[in-house]
**Student:** 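Once you've had a glance at the structure underneath, I'll fire off some questions.
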Number of protein chains: 4
Amino acid sequence: MAKRQPGRPFSTEITTDLLEAAERAMERGGYSNLTVDTLVREAGTTRATFYRRFTGASHLAFEVLAAKFGDVGDTDTGSLLGDLTEVQRADVQMLSSQLMRNNLAGLLEAMRTDDQVRELFTERFLAPRRESIRLAVDRAAERGELGAVPGIDIEELRDLMIGPIIARILLPTGGGFDAEFAERTAETAHRHALAAVGIATPEPA
Amino acid sequence: MAKRQPGRPFSTEITTDLLEAAERAMERGGYSNLTVDTLVREAGTTRATFYRRFTGASHLAFEVLAAKFGDVGDTDTGSLLGDLTEVQRADVQMLSSQLMRNNLAGLLEAMRTDDQVRELFTERFLAPRRESIRLAVDRAAERGELGAVPGIDIEELRDLMIGPIIARILLPTGGGFDAEFAERTAETAHRHALAAVGIATPEPA
Amino acid sequence: MAKRQPGRPFSTEITTDLLEAAERAMERGGYSNLTVDTLVREAGTTRATFYRRFTGASHLAFEVLAAKFGDVGDTDTGSLLGDLTEVQRADVQMLSSQLMRNNLAGLLEAMRTDDQVRELFTERFLAPRRESIRLAVDRAAERGELGAVPGIDIEELRDLMIGPIIARILLPTGGGFDAEFAERTAETAHRHALAAVGIATPEPA
Amino acid sequence: MAKRQPGRPFSTEITTDLLEAAERAMERGGYSNLTVDTLVREAGTTRATFYRRFTGASHLAFEVLAAKFGDVGDTDTGSLLGDLTEVQRADVQMLSSQLMRNNLAGLLEAMRTDDQVRELFTERFLAPRRESIRLAVDRAAERGELGAVPGIDIEELRDLMIGPIIARILLPTGGGFDAEFAERTAETAHRHALAAVGIATPEPA
DNA sequence: GTATAACCGAGACGGTACGTCAGGTCTTGAT
DNA sequence: ATCAAGACCTGACGTACCGTCTCGGTTATAC
């Protein structure tokens with residue numbers, strides 16, 4: 001029954017002020033410019049109050065992203081290629097946003113050090129996306145699209161899909177994303193999956 | 001003839017001491033622990049001396065990586081798939097090293113802000129690797145392996161190859177690299193290239 | 001009512017530690033050896049904490065002297081000569097201290113540059129001493145010792161009294177102060193004042 | 001016969017360039033702004049070359065003043081008061097110059113630490129001025145103006161004369177020097193000397 | 001209603017790093 | 001041996017963040 005804690009509860013207004021201030025800073029300057037001092041000043045509060053809610057700037061940054069992109073839907077389109085394309089479209093949209101472009105590298109570095117942020121990220125971002133792919137593959141197997149599921153490394157499929165998007169965002173030369181980028185890379189991942197179970201790729205679309 | 005410039009020359013010993021100190025720190029703690037103070041302390045020199053050589057810790061970190069992984073060879077194996085596999089093998093080896101695992105995210109974030117580091121990185125890391133792929137594709141086109149070169153986006157091909165490696169390194173859940181990872185991803189990139197020019201993929205290897 | 005200001009108050013212990021450290025350094029090495037780094041190290045605190053209290057080393061040095069010599073009493077002995085002698089005795093005692101010998105020149109140089117230190121010095125050291133002399137002259141005028149006050153330049157009288165003491169301290173050849181130095185120079189200043197209003201000097205004492 | 005040193009001799013041009021650069025800097029910013037770096041840059045030479053000529057900035061500063069004010073003439077006006085007035089006029093002129101106002105305090109502080117500068121200053125500035133006063137007193141004694149010379153402390157007389165000038169320069173509130181300042185203070189010193197040998201002061205001028 | 005527990009603003013605090021400046025010395029090549 | 005150039009070590013500068021703390025004052029529940 002989630003018992004009420006004694007004492008004065010957190011002011012929700014301050015929390016949202018901080019989240020908004022962080023989002024603005026992340027949109028503008030990006031991760032390197034996120035300092036607790038600046039955030040609390042802009043949110044009109046103080047360091048101590050900040051640290052009651054978050055363990056540090058990286059934690060808050062993560063929460064901003066989680067609020068924006070935390071929930072992934074799972075759509076059953078009826079075919080593996082269709083499902084993978086859906087997943088890829090959602091990820092391209094998420095990762096190509098200014099918020100991600102400016103902060104992904106910084107957060108990935110923060111994860112290396114900070115266990116808490118790493119766990120949160122894994123749980124809220126990585127796991128759901130991996131699950132979407134696993135479900136798509138399972139459904140394909142049930143439909144008989146794939147001979148044998150065990151031959152497919154879900155993790156590898158995921159990296160094959162999200163990797164090119166990340167590369168395009170993080171590497172300086174990376175251009176934009178044209179309308180068919182998601183389709184092309186999803187097809188390639190699809191071929192990869194088929195090849196893994198020994199099925200020759202059908203006619204290219 | 002590289003004329004001698006006037007004045008006392010840089011002490012090469014100090015330079016190598018700094019590079020070595022940086023490499024140790026990068027191997028151990030990774031990018032976040034790279035501070036100018038710590039480096040000069042360990043190298044037995046001073047901040048001012050450091051700043052005569054490097055613009056900051058990120059610049060030095062880049063130089064360490066450039067010294068280790070700067071030069072890429074170009075091997076002509078006689079087939080596009082063979083060439084791409086060579087490229088991929090080299091990149092897997094480079095990126096899976098502890099040095100890269102611990103520092104790639106930090107450097108990518110540094111690049112967002114620091115123009116100089118971004119240019120150096122682009123010039124010394126990105127451009128040569130892109131060039132390797134371009135040469136492989138050009139040779140394949142000459143051999144008639146590919147119908148029309150213009151249909152192939154070199155940049156996209158590069159992202160399709162390096163992306164999965166990066167994802168595996170930077171994302172917390174990323175496992176290791178088994179012996180055939182390079183082969184599999186190179187094959188997938190190869191299929192992607194063929195599909196781009198409308199050629200059906202041959203029998204999977 | 002001296003309302004309490006918000007926030008954590010300054011630690012008085014740190015303040016006194018700094019003042020004591022400064023006094024020791026001023027006594028030992030003198031002004032040139034006063035560095036913020038050394039002071040905070042000896043007081044066991046940090047630069048930032050120092051700068052919350054003082055604008056710089058010269059400010060702190062001034063505060064040390066102000067605490068020691070800040071307040072001057074005003075004694076009415078009944079005669080101008082007596083009053084001037086009292087003032088002179090106090091100034092000889094103050095300026096002949098090791099603290100002043102070692103730091104006066106440095107502080108005078110600091111004053112040239114730093115407006116704040118100049119103002120503090122003027123207000124807390126110069127003004128009160130000038131006032132003592134002015135009061136003595138006013139009382140003498142009321143008693144009829146001096147014909148007309150306006151004829152006396154208080155500033156000049158002050159310089160005539162404090163000047164010789166300063167010269168003796170700052171100039172390298174300056175010897176010590178014998179017991180009658182204050183009396184002799186006060187008499188001379190007295191004669192100067194009388195001469196300024198056209199009164200012949202009486203018998204030398 | 002002042003044997004010629006082996007090797008290349010000092011460039012006199014550099015020496016004068018340095019002296020001139022120093023004078024400009026002393027006139028403008030004053031002692032605190034005298035840095036070896038700035039001086040050699042402005043003189044178009046280098047630190048090493050500077051240190052072959054001078055032991056430090058304070059040494060050079062002293063040389064500038066010595067070149068300007070080093071030699072004092074000795075005039076015999078026929079009376080003690082006349083001679084003292086001459087001395088005082090010269091000192092007022094010297095000390096009231098911008099060059100002295102901006103650098104005296106700094107040099108006095110430098111003297112406290114640097115033995116060499118102290119010796120140079122004593123020898124070239126203090127000793128000659130003391131000697132002028134001593135000669136004036138000796139002549140007065142020969143003329144019978146003073147009963148007995150031994151009763152007069154030359155050092156004290158010097159401090160009584162130069163002290164007020166110094167006070168007026170160094171103390172922040174010190175005003176300017178009107179035309180009769182030298183006369184008035186010389187008279188006062190004269191009275192002091194007479195009093196010291198027990199002679200009543202004559203009618204004020 | 002009145003404890004009590006936790007919040008909140010303000011800002012000091014020790015720690016660590018930043019990038020710069022000045023001092024005085026040393027190394028290189030040239031005169 | 002001087003000179004220009006500039007690296008080098010030492011040590012100090014004033015500032016920025018970090019995460020914690022100490023104040024005085026303010027809510028919300030819980031007794």
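Remember, it's a predicted structure, so these values are computed and weren't measured experimentally. Just so it is clear: chains get the letters A, B, ... in the order the sequence lines come, proteins before strands, and each one is counted from 1.
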**Student:** Base, sugar-phosphate or nothing for D:Thr46? Non-hydrogen atoms, less than 4.0 Å.
**Tutor:** base
**Student:** Identify, between C:Thr55 and B:Phe10, the residue whose nearest nucleotide on DNA chain F lies closer to the 5' end.
**Tutor:** B:Phe10
**Student:** Measure from the side-chain heavy atoms of A:Tyr51 and tell me the nearest of E:dG23, E:dG19, F:dT20.
**Tutor:** F:dT20
**Student:** For the atom pair CG (D:Leu65) and CZ (D:Phe121), what is the distance rounded to the nearest 0.5 Å?
**Tutor:** 8.0 Å
**Student:** Does a side-chain N or O from A:Thr49 land closer than 4.0 Å to OP1 or OP2 of E:dG9, or not?
**Tutor:** yes
**Student:** Mind running a 4.0 Å heavy-atom check of residues 103-113 of chain D against DNA chain F and sending the residues that fall below it, in number order?
**Tutor:** none
**Student:** Please determine which of D:Arg52, D:Arg53, D:Glu20 meets the side-chain hydrogen bond (donor to acceptor under 3.5 Å, both in side chains) test together with D:Thr15.
**Tutor:** D:Arg53
**Student:** Quick one: pull up CG in C:Leu107 and CG in D:Leu170 and give me the separation to the nearest 0.5 Å.
**Tutor:** 12.0 Å
**Student:** Provide, to the nearest angstrom, the distance between the CZ atom belonging to D:Phe54 and the C1' atom belonging to E:dG23.
**Tutor:** 17 Å
**Student:** What is the distance from atom OG1 of D:Thr49 to atom CG of D:Asp17, rounded to the nearest 0.5 Å?
**Tutor:** 11.5 Å
**Student:** Within this structure, what is the CZ-to-C1' distance between D:Arg53 and E:dT25, rounded to whole angstrom?
**Tutor:** 17 Å
**Student:** Is there a side-chain polar atom (N or O) of B:Thr35 under 4.0 Å from OP1 or OP2 of E:dT16?
**Tutor:** no
**Student:** Could you check which of E:dC18, E:dC13, F:dC8 has an atom nearest any side-chain atom of C:Ile14?
**Tutor:** E:dC13
**Student:** Side chain of D:Arg47, heavy atoms from C-beta onward: which of E:dC13, E:dT25, E:dG19 has the nearest atom to it?
**Tutor:** E:dT25
**Student:** Establish, with yes or no, whether the OP1 or OP2 oxygen of E:dA17 is under 4.0 angstrom from a side-chain nitrogen or oxygen of B:Arg41.
**Tutor:** yes
**Student:** How many angstroms lie between CZ in B:Phe125 and CZ in B:Phe62, if you round to the nearest 0.5 Å?
**Tutor:** 5.5 Å
**Student:** Side chain of D:Arg52 only, heavy atoms from C-beta on: which candidate in F:dT15, F:dG25, F:dT2 is closest?
**Tutor:** F:dT2
**Student:** So, B:Arg112 and B:Glu109, do they make that salt bridge, N to O below 4.0 Å?
**Tutor:** yes
**Student:** Would you mind telling me which residue lines up with the more 5' stretch of DNA chain F, A:Leu34 or A:Ala48, judged by nearest nucleotide?
**Tutor:** A:Leu34
**Student:** Under 4.0 Å: is that the gap between some side-chain N or O of A:Arg8 and OP1 or OP2 of F:dT27?
**Tutor:** yes
**Student:** Of all the nucleotides listed (F:dA4, F:dT26, F:dC18), which has the minimum atom distance to the side chain of D:Thr45?
**Tutor:** F:dA4
**Student:** As a test of reading the structure: which of E:dA12, F:dC3, F:dG14 is closest to the side chain of C:Val36, going by heavy atoms?
**Tutor:** F:dG14
**Student:** Base, sugar-phosphate, or nothing for C:Ser11, non-hydrogen atoms under 4.0 angstrom?
**Tutor:** sugar-phosphate
**Student:** Just so I know, are the side chains of B:Ile14 and B:Phe50 near enough to count as touching, which here means a heavy-atom distance under 4.5 Å?
**Tutor:** no
**Student:** Find which nucleotide of DNA chain E each of B:Pro9 and C:Gly44 is nearest to by heavy atoms, and output the residue with the more 5' nucleotide.
**Tutor:** C:Gly44
